[in-house]
Amino acid sequence: MTSKRGFAVALFAGALAALVPGAARAQGQLTVYCSVQEEWCRPMMAAFERATGIRVAMTRKSSGETMTQIRAEATNPRGDVWWGGTGDPHMQAAEENLTLEYRSPRLAELHDWAVRQAQQANYRTVGIYAGALGYSYNVPELQRRRIEAPRCWADLIKPAFRGEVQVADPNTSGTAYTLLATIVQLMGEEPAFDYLKALHRNVNQYTRSGAAPARAAATGESVVGITFLHDAVTQKVNGAPVEIVAPCEGTGYEIGSMSIIRGARNLDNAKRFFDWALSAEAQAIGAEAKSYQLPSNRNAPIPPEAPRFENIKLIDYDFARWGSAAERTRLLTRWDREVRAAAR
Amino acid sequence: MGALSLARIALACAAFGLLIPPWYGLESGFASWPGGEAAPLAVLLAGGAAWWLWPVPLILLASAPSLLAHRAEGRLLIACGAGVIAWVFLQGWAIGLPGTVWSIAAPFVGDASQPALGWGATFLLTGAVGLLSAGLAAQGRFNGDAFVSFLVVGSAALLIAFVFAPLLTILSAAAVEDGRIAPEAMLARLTAHEAWSLACVTSSLGCGVVWNTLALATLTGVLSTLLGLAFALLSARANLHLGGAFRALAILPLITPPFVVSLSLIVLFGRTGMVTEALSALFGIPRSRWIYGLPGVLLAQLLAFTPIAYLLLEGAVRQIAPSLEEAASTMGARRFTVFRTVTWPLLRPGLAAAFLLGFVESLSDFGNPLVLGGDFDVLATRIFFAIAGARHDPGRAAALALLLLGLTFGAFALQTAWLGKRRYVTVTGKGDAGVPSPLPRGLAIACGAVAFPWMAFTAIVYAIIMLGAFVHDIGRSDMTFTWRHYITAFEVEWFQGLVFRGAAWDSLFTTIEVAAISAPLTAGLGILLAWLLARQAFPGRRTLEFLAMLSFAIPGTVVGVSYIMAFNVPPLELTGTSLILIICFVFRNLPVGVRGGIAALAQIDRSLDEASATMGGGAVATLRRVILPLMRPAIIAALAYSFVHAMTAVSAVIFLVSARHNLATVYIVGRVEAGEIALAIAYSSVLILIMLAVVLGIDKLVGRAQIGRRAPAGAMQTAPVPVTA
């Protein structure tokens with residue numbers, strides 16, 4: 001009998017141990033799903049705890065994973081606020097009625113692009129930062145090949161860059177989908193797909209993660225990496241020999257967003273966090289955490305390393321149209337069929 | 001154990017669950033017990049709440065009189081046990097948290113709502129399972145042994161709840177489109193071009209994911225088995241005295257978190273990697289990107305899975321009774337003939353198990369293809385991105401999961417066909433006094449030629465990992481020494497007591513807790529199941545085996561999403577707790593415990609059981625006195641494997657971690673994603689040290705199996721001189 005009893009004891013002890021940490025659920029707390037880098041998530045939550053005394057439980061996951069989790073938890077939500085991450089999944093969550101409409105009193109302090117995005121989502125999400133799309137190239141590798149420094153989107157389809165461009169797969173990465181939608185808006189759909197087919201010949205690998213090409217360009221694994229500019233800035237600040245390019249034809253951008261999850265268990269605290277996260281002092285934390293996006297509050301200090309929007313030619317990005325599930329599926333299916341499936 | 005005593009214990013357990021612990025799941029602790037949120041069912045019923053649960057105590061009461069009168073009436077007990085289980089779940093599904101879920105129940109209960117089942121319900125259900133199995137035993141099933149009956153019914157119930165039901169939940173999604181059932185959509189998904197395309201044969205385009213996955217898994221399975229065999233033969237049969245170092249280096253990859261080996265491979269063989277640069281500078285070999293794709297993933301998987309094959313095969317080699325080989329050489333066979341005709345055939349179950357393990361691990365590996373895959377896609381990553389990618393399509397993911405299941409079952413079928421119905425018993429009750437024959441010289445040289453370079457390679461890969469943790473950025477060859485990464489992760493401060501400031505502490509503590517709880521549970525349940533499957537004959541044995549091995553074939557990503565779908569709403573609400581992590585690990589790692597147990601039992605002769613039974617030992621006594629001591633190696637392997645896998649798993653738990661219970665590996669994946677490779681490597685090195693300590697500790701604590709064998713040459717005082725022909 002001893003072995004069975006021992007097993008039962010172990011089972012019971014295990015059950016008890018599992019019970020204890022989950023048992024205490026104090027008042028005054030908040031669960032945040034965070035979809036930016038860890039270094040930014042942590043000081044953000046710590047600052048909010050200091051400012052309000054509300055205890056924050058934070059999980060960091062990419063925006064795709066968070067979206068999946070929120071969708072799966074829809075009947076019994078666990079999280080209260082979803083903070084950060086590219087705007088498309090936030091728009092999609094708004095479209096699927098997974099998030100709650102909330103008009104923060106601080107909307108007046110925000111840049112126009114943030115307010116416009118909130119309007120398009122019926123105030124179910126709001127912009128907290130923005131980042132423009134572009135690319136970075138490895139200077140020594142470029143010189144070694146004696147290629148002229150690229151300045152435009154059109155430069156990337158030159159034969160000199162054959163097998164030297166890296167970009168993420170739009171099926172898995174919001175960044176790459178932004179590129180797809182940007183090129184379509186910039187050139188019109190048919191020329192855009194001609195361009196993408198030409199680019200395909202130069203692409204050495206479609207990575208899964210959106211920021212990975214910046215790292216590849218930094219280490220020289222690839223000469224050019226197409227990413228959001230702030231990801232490339234992070235590499236450059238860390239000492240990588242890269243140059244950052246905001247393409248001459250104009251480029252698209254993402255709006256990192258924040259939403260309150262429908263059915264949030266701590267709704268009042270969620271709203272307090274929402275208001276606080278839009279304030280200038282909360283948005284100043286990003287720069288300290290080496291995240292060089294542009295904050296959405298007009299009064300928030302802009303990090304000196306951040307690519308300034310006034311120096312970049314931005315297109316008039318239609319987030320509602322290109323963020324919708326139908327349009328996304330159509331574009332991605334066409335990209336899969338005509339670009340990805342083509343020979344190199 | 002008799003049916004009567006089991007039924008009485010079960011009834012007491014159910015009564016305890018009824019009267020003492022809180023019936024519903026808790027949001028805020030035991031504070032309000034015995035009233036309020038934490039009330040037991042008895043208090044709820046007495047207060048008029050949850051009146052639809054009245055049948056539960058009534059059914060239980062019906063079984064009591066005959067038990068008190070020292071009679072175990074089979075049919076009655078079965079009806080009571082099954083009745084309670086059925087009623088608890090039916091009412092749980094019908095009346096949920098948001099209100100009445102089944103409209104059919106609405107006229108009776110109105111708009112009632114209830115939270116998820118809690119500890120009271122857990123005890124009550126355990127008792128009900130006990131009653132049911134006592135009833136079956138009383139009817140003469142399982143040879144009337146109530147202990148066996150309880151184990152079978154109990155483990156079947158657990159397997160159905162935590163393996164089969166979640167799987168059904170997600171697979172039903174394969175046949176659903178736009179909220180309705182569409183078989184034609186399912187057919188289209190299963191035969192999709194992305195899965196079956198053969199374009200790579202005729203053009204430069206990639207092939208379908210099924211072919212990619214199959215090619216990778218077959219290569220990994222075959223090569224890891226061969227490498228593992230070389231190591232096993234050298235360590236078990238060649239007098240090399242490399243013991244500890246050999247074992248540690250072979251085990252290192254086993255205890256490495258995923259991604260890390262891949263990162264090291266990129267540092268070495270990437271286009272700007274160290275080896276690549278050196279080859280380019282010295283020999284002018286152009287720098288290419290070959291590592292991204294099949295070769296890179298294969299290399300990473302071999303590094304990761306060869307040790308598993310080695311551990312399995314080493315056990316198998318040691319279990320071969322040397323007297324057979326001795327008999328062969330006595331009769332004049334040369335060393336190589338002995339190996340070919342005796343040792344090799346007896347190794348077949350071990351080889352099959354090792355291949356199968358490598359094959360299936362490769363199928364469900366997710367980390368290495370993610371980092372090194374390049375354009376080479378496999379099913380596991382495709383499924384992950386069908387669920388978590390920019391285009392969310394659970395139906396497509398479920399169909400791809402079905403294909404993956406098909407591949408795994410195919411492998412199992414092949415294994416069965418190859419092993420056939422032969423017997424591989426060599427450890428018998430008669431004892432064995434043979435000396436293992438040394439390896440044939442040619443074979444020993446061949447094994448060494450394969451194993452030692454591989455060991456050197458492994459050592460280099462690990463040196464890179466250790467180095468990477470102490471320098472600024474190994475990926476860009478910035479080799480200035482720094483403690484920075486360790487300080488970020490593991491900073492400790494003395495401020496009115498010890499404060500754990502580092503970013504990694506939370507996840508590290510949770511990981512160790514979860515792994516330490518789930519490992520003994522996995523090993524215990526696994527060995528019990530193995531014993532049931534190998535030694536007991538009962539109807540439904542094949543089904544139970546299928547259920548026990550099923551979770552092996554399900555890729556982690558699918559398990560994660562299916563768990564979150566199945567256990568997020570009452571009656572079983574587990575998401576956001578550490579319990580769901582423990583359960584996930586126990587049932588994911590269970591197959592290895594079972595497999596190892598069955599393999600060990602296949603080599604222990606039944607006559608030992610029979611001897612025990614003849615001398616009056618029941619199932620419990622035989623298990624404890626005879627089987628378990630002989631199965632120590634299998635138990636160690638199961639403990640070590642489940643602990644290590646609980647600390648290194650990623651794909652299943654990436655959806656299950658919550659803000660409060662984060663895991664080390666998920667944290668590391670986040671670091672890798674952010675390009676913080678050095679921090680990831682630093683944290684991984686700490687995990688590696690912890691796991692190494694634990695694995696060696698388990699080994700010391702539980703000890704090696706002592707099978708009575710003569711000491712090998714050298715200690716010859718008692719051994720008779722071998723006759724040379």
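Chain A is the first sequence line, chain B the second, and so forth, proteins listed ahead of strands; every chain is numbered from 1.
Here Trp290(B) and Phe269(B) bring their ring centres to under 6.0 angstrom of each other. The ring of Trp335(A) has its center closer than 6.0 angstrom to the ring center of Tyr206(A).
A salt bridge between Glu164(A) and Arg271(B) is present, with a side-chain N of the basic residue lying under 4.0 Å from a carboxylate O of the acidic one. Ion pairing between a basic and an acidic side chain is recognised when a charged N comes within 4.0 Å of a carboxylate O; Arg55(A) and Glu49(A) show no such pairing.
Of the two parts of Leu581(B), neither the backbone nor the side chain holds a non-hydrogen atom closer than 4.5 Å to a non-hydrogen atom of chain A. For a residue to count as touching a neighbouring chain, one of its non-hydrogen atoms must lie under 4.5 Å from one of that chain's; by this rule Thr219(A) touches chain B with backbone and side chain alike. For Tyr563(B), no part lies near chain A; criterion is any non-hydrogen pair under 4.5 Å. At a 4.5 Å heavy-atom cutoff, Asp169(A) makes no contact with chain B through either its backbone or its side chain. If you measure heavy-atom distances from Thr381(B) to chain A, the contacts under 4.5 Å come from the side chain alone.
In terms of heavy-atom pairs under 4.5 Å with chain B, the best-connected choice from Gly210(A), Ala240(A), Pro89(A), Cys34(A) is Ala240(A).
Residues forming a salt bridge (Lys or Arg N to Asp or Glu O under 4.0 Å) with Asp231(A) (at least two apart in sequence, or on another chain): none.
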